[in-house]
Engineer: 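Supplied in structure tokens, the structure appears directly below.
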Amino acid sequence: MEAESEPYVRLATMRQLHQAVADLNTARSLADTLQTVADGIVVGLGYELGCVNLVRPDGDLVVAAFAGNSAAESLITGRVGSRASWERRLSMGEAWDELRFIPHTDGWVLLDDDVPQWHTEGPEPRFDDEWHPQDRLYAPMYASGGGLDLLGVISVDRPRNGRRPGAWGREALQMYASQAAIAISNARLRANMQRALVRLEREQQALRASEESFRQAFEYAPSGMAIAEMGGDQHGRLLRTNDALCRLLGRPASVLRRYSFADLVHPEDVGTLLRTSAEGGRAELRLGRRDGSYLWVSLRNSVVADTADGPRFLLTHVEDIEERKRHELNLAHRASHDALTGLPNSAELRARLAARLCERPYAAATTAVEALDAAYGDVEDPDGRMHGFRADGFEADAVAGGPFDHHVHAVAPDGANDGAKGLAVLFCDLDGFKSINDRFGHHTGDAVLIEVARRLTTCVRDGDTVARLGGDEFVVLADGLGAADAADLAVRLRNAIIPPIRVDGRAVRVGASFGIGWAACGMTGEEVLRSADQRMYVEKRSRSKVHRRAG
């Protein structure tokens, strides 16, 4: 740089500065821009050394570029100076507008701080404005060309003319630092945009790969999968189904797109489907196949968003559980049904009976039980067993707000109202069955029990219950009968049992004794069965006496 003492600045010097500034905007990357800034200090501004210190994200400054001395460049490039040390330097010395000049007389206190530094060797100055090897000159760079957001610091050493820069040289350095800040900010912006574009491209590639993976996983999944609309007028409509679901339901994809799962579900399972939560919901229900049959499946839902705020879809995984469900139902049937006859067993009978009763006291039922107890007391059956009619614990308190608040109470018919109807409990005990077992063996006895169960079942209405209580004892629950209806049913059942039963080519015959009891709310299931049992033994006893008199 020409001496500022001259009355003018040579045109060649201006061209060098202009070229240095122009070069700032031609660099292709942030690293190139930083090195161009350092080179412009030496080539355009005429300093022997130029250093660019850039602020890092943590606030400290790193030597990002160096020019003028290859030895110094390899020594200090990449080294870091703390923010506190730099702020100390920028706050001391002489303020040349935004520049900071620290003369050698003050700079000795900075020799031991952590800022990377390099000084040229030279003789002591002979004039007041001559540059000293320990002089320091800094040009701060601020983001957007001004303000207090420090972007970096340009440090220079020893002008080539050997003199401290004058007014024009200071103005040139300050202007160059401002342009360098703009160039570095733009380079950073370009670098960030390039990184963002690269990241976006990678994300798009990953998204495309993910979509392709999802498509393949969806299409070729071994179990059924479907995508349905979520919300709106078409909520639940199937948009897409995979091959496995089409095979499972026996319907092509073009046909399935006309339906929703609500259209395909078994009528008894509609409530289960509606109760299934859309997000993470799971349900086991039956879906209709093309041939009209139904298949047990497990539905598992999850929500998939098309975009951050865009439409949401329901992804449903459909798993065939027909075999497992059949096994579960079979186990449940075995647990609740007699293995020999296939009738409901004792536990299932008591459960069905309990479902019709509640623990509310009913005077009519109490009176009926007490009347039986008073009339018959303890009676002895033909086998020598004693039976009492007292219903212990019958006087149960009403439970307000319980599960039977809206329950239609079962009431036993009484003599005052011949038209009353109730839940009849017919207790059946086979006559002569023990002698068949003893004479022909249990194989024949089992065959007799199976045939008796069949005959009883054919004589009752749909909805009535025929259960095997155990041994040769059966119980029939028939709701909505009056006293005469129950007596007629007992006669029909007895007449159905009496005809001979052929087993292994021989004909065997059994009789039956029936006791009719009535289930009433306020009674327990055991009390109801005990009442019917006692009446059966009363009948058996009276019929035995009749037979003895006839003999």
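Computed from a prediction, not measured in an experiment: that's the story for all the values here. Note: hydrogens, waters and symmetry copies are ignored here, and every other heavy atom, side chains too, is used.
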Engineer: Going through the checks in order, is the salt bridge (charged side-chain N to carboxylate O under 4.0 Å, His left out) test met by Arg208 and Glu201?
Structural biologist: CA-CA 10 Å; Arg208 288 192 292 268; Glu201 178 61 26; 3.3 Å; yes
Engineer: Hey, could you give me the CD/CG distance between Gln204 and Leu200, rounded to the nearest 0.5 Å?
Structural biologist: 4.0 Å
Engineer: Shortest non-hydrogen contact from Tyr47 to Leu173?
Structural biologist: OH-CD2, 4.1 Å
Engineer: Should we say atom CD of Glu323 is surrounded by more than 12 heavy atoms from elsewhere, each under 6.0 Å from it?
Structural biologist: no
Engineer: So, Glu48 side chain and Arg160 main chain: donor-acceptor pair closer than 3.5 Å or not?
Structural biologist: no
Engineer: At their closest point, which heavy atom of Arg286 faces which heavy atom of Tyr294, and how far apart are they?
Structural biologist: CB-CB, 4.0 Å
Engineer: Given side-chain contact (heavy atoms from CB on, under 4.5 Å), test Phe214 with Leu315 step by step and report yes or no.
Structural biologist: CA-CA 12 Å; Phe214 173 79; Leu315 176 64; 4.1 Å; yes
Engineer: With side chain to side chain donor-acceptor pair (under 3.5 Å) as the test, pick out the partner of Ser82 among Asp114, Asp113, Asp58.
Structural biologist: Asp114
Engineer: Verify, without hydrogens or angle tests, whether Thr77 (side chain) and Glu73 (backbone) share a donor-acceptor contact under 3.5 angstrom.
Structural biologist: yes
Engineer: Scan side-chain atoms only and decide if Trp131 and Asp157 contain a donor-acceptor pair under the 3.5 Å cut-off.
Structural biologist: yes
Engineer: Roughly how far, to the nearest 0.5 Å, is NE2 of His104 from CG of Asp106?
Structural biologist: 9.0 Å
Engineer: Nearest 0.5 Å, what's the CZ-CE distance between Arg100 and Met92?
Structural biologist: 11.5 Å
Engineer: Determine whether Leu343 and Leu349 satisfy the following criterion, side-chain contact (heavy atoms from CB on, under 4.5 Å), listing intermediate values before the conclusion.
Structural biologist: CA-CA 10 Å; Leu343 297 178; Leu349 170 67; over 6 Å; no
Engineer: Give the minimum heavy-atom separation between Leu49 and Ile41, together with the two atoms involved.
Structural biologist: O-CG2, 4.1 Å
Engineer: Would you mind reporting whether Leu285 and His266 have side-chain heavy atoms less than 4.5 Å apart?
Structural biologist: no
Engineer: Answer yes or no: is there a side-chain heavy-atom contact under 4.5 Å between Pro140 and Trp86?
Structural biologist: no
Engineer: Where the side chain of Asn186 meets the backbone of Ala183, is there a donor-acceptor pair that is under 3.5 Å apart?
Structural biologist: no
Engineer: Any side-chain to backbone donor/acceptor pair from Asp97 onto Leu99? Under 3.5 Å, distance only.
Structural biologist: no
Engineer: Just how far is it from atom CD of Gln117 to atom CD of Gln134, taken to the nearest 0.5 Å?
Structural biologist: 8.0 Å
Engineer: Just how far is it from atom CG of Asn53 to atom OH of Tyr138, taken to the nearest 0.5 Å?
Structural biologist: 8.5 Å
Engineer: Looking at every heavy atom in both His337 and Gly342, which two are closest together, and how far apart are they?
Structural biologist: CD2-O, 3.2 Å
Engineer: Within the 3.5 Å criterion, strictly below it, is a donor on Ser29 or Asp32 matched to an acceptor on the partner's side chain?
Structural biologist: yes
Engineer: Arg352 and Thr465: side-chain donor and acceptor closer than 3.5 Å?
Structural biologist: yes
Engineer: Before giving the answer on side-chain contact (heavy atoms from CB on, under 4.5 Å), spell out for Asp269 and Leu273 the whole-Å C-alpha distance, their side-chain angles and the decisive distance to 0.1 Å.
Structural biologist: CA-CA 6 Å; Asp269 298 334; Leu273 179 67; over 6 Å; no
Engineer: Is there a side-chain contact between Arg170 and Phe101 (heavy atoms, below 4.5 Å)?
Structural biologist: no
Engineer: Quick one: does Gln174's side chain have a donor or acceptor within less than 3.5 Å of a partner on Glu98's backbone?
Structural biologist: yes
Engineer: Inspect the surroundings of CZ in Arg290 and state if more than 12 heavy atoms from other residues, nucleotides or ligands are less than 6.0 Å away.
Structural biologist: no
Engineer: Could you give the distance from CG (Leu239) to CG (Leu314), rounded to the nearest 0.5 Å?
Structural biologist: 10.0 Å
Engineer: Looking at Glu211 and Arg215, is there a salt bridge between them, counting it only when a charged N and a carboxylate O are closer than 4.0 Å?
Structural biologist: no
Engineer: In terms of side-chain geometry, is the basic nitrogen of Glu348 or Arg468 positioned less than 4.0 Å from the acidic oxygen of its partner?
Structural biologist: no
Engineer: Do the non-hydrogen side-chain atoms of Trp96 and Leu137 ever get within less than 4.5 Å of each other?
Structural biologist: yes
Engineer: Would you mind reporting whether Arg83 and Leu150 have side-chain heavy atoms less than 4.5 Å apart?
Structural biologist: yes
Engineer: Distance only, no hydrogens: is a donor on one side chain within 3.5 Å (strictly under) of an acceptor on the other, for Thr26 and Asp23?
Structural biologist: no
Engineer: Check whether any side-chain heavy atom of Arg190 sits under 4.5 Å from a side-chain heavy atom of Thr33, and report yes or no.
Structural biologist: yes
Engineer: Taking NZ, NE, NH1 and NH2 as the nitrogens, is one of them in Arg163 or Asp129 under 4.0 Å from a carboxylate oxygen of the other?
Structural biologist: yes
Engineer: Using modelled atom types and a 3.5 Å cut-off, is there a donor and acceptor pairing between side-chain atoms of Ser210 and backbone atoms of Ala206?
Structural biologist: no
Engineer: Is it the case that the side chain of Asn192 and the backbone of Arg188 share a donor-acceptor pair, with hydrogens and angles ignored and the cut-off at 3.5 Å?
Structural biologist: yes
Engineer: Looking at every non-hydrogen atom in both residues, tell me the closest pair between Gly250 and Arg289 and how far apart they are.
Structural biologist: N-NH1, 4.3 Å
Engineer: For Glu328 and Leu331: C-alpha separation, side-chain torsions, deciding distance, then whether side-chain contact (heavy atoms from CB on, under 4.5 Å) applies.
Structural biologist: CA-CA 5 Å; Glu328 290 177 355; Leu331 290 178; 5.7 Å; no
Engineer: Under 4.0 Å between a side-chain nitrogen and a carboxylate oxygen: does that hold for Arg324 and Glu319?
Structural biologist: no
Engineer: Are Arg350 and Leu529 side-chain neighbours, meaning at least one heavy-atom pair lies under 4.5 Å?
Structural biologist: yes
Engineer: For Gly224, is there any backbone N or O sitting under 3.5 Å from a side-chain donor or acceptor partner on Asn242?
Structural biologist: no
Engineer: For residues Arg89 and Val153, determine if any side-chain heavy atom of one lies less than 4.5 Å from a side-chain heavy atom of the other.
Structural biologist: no
Engineer: Of all the heavy-atom pairs spanning Cys246 and Thr241, show the shortest one and how long it is.
Structural biologist: SG-OG1, 3.6 Å
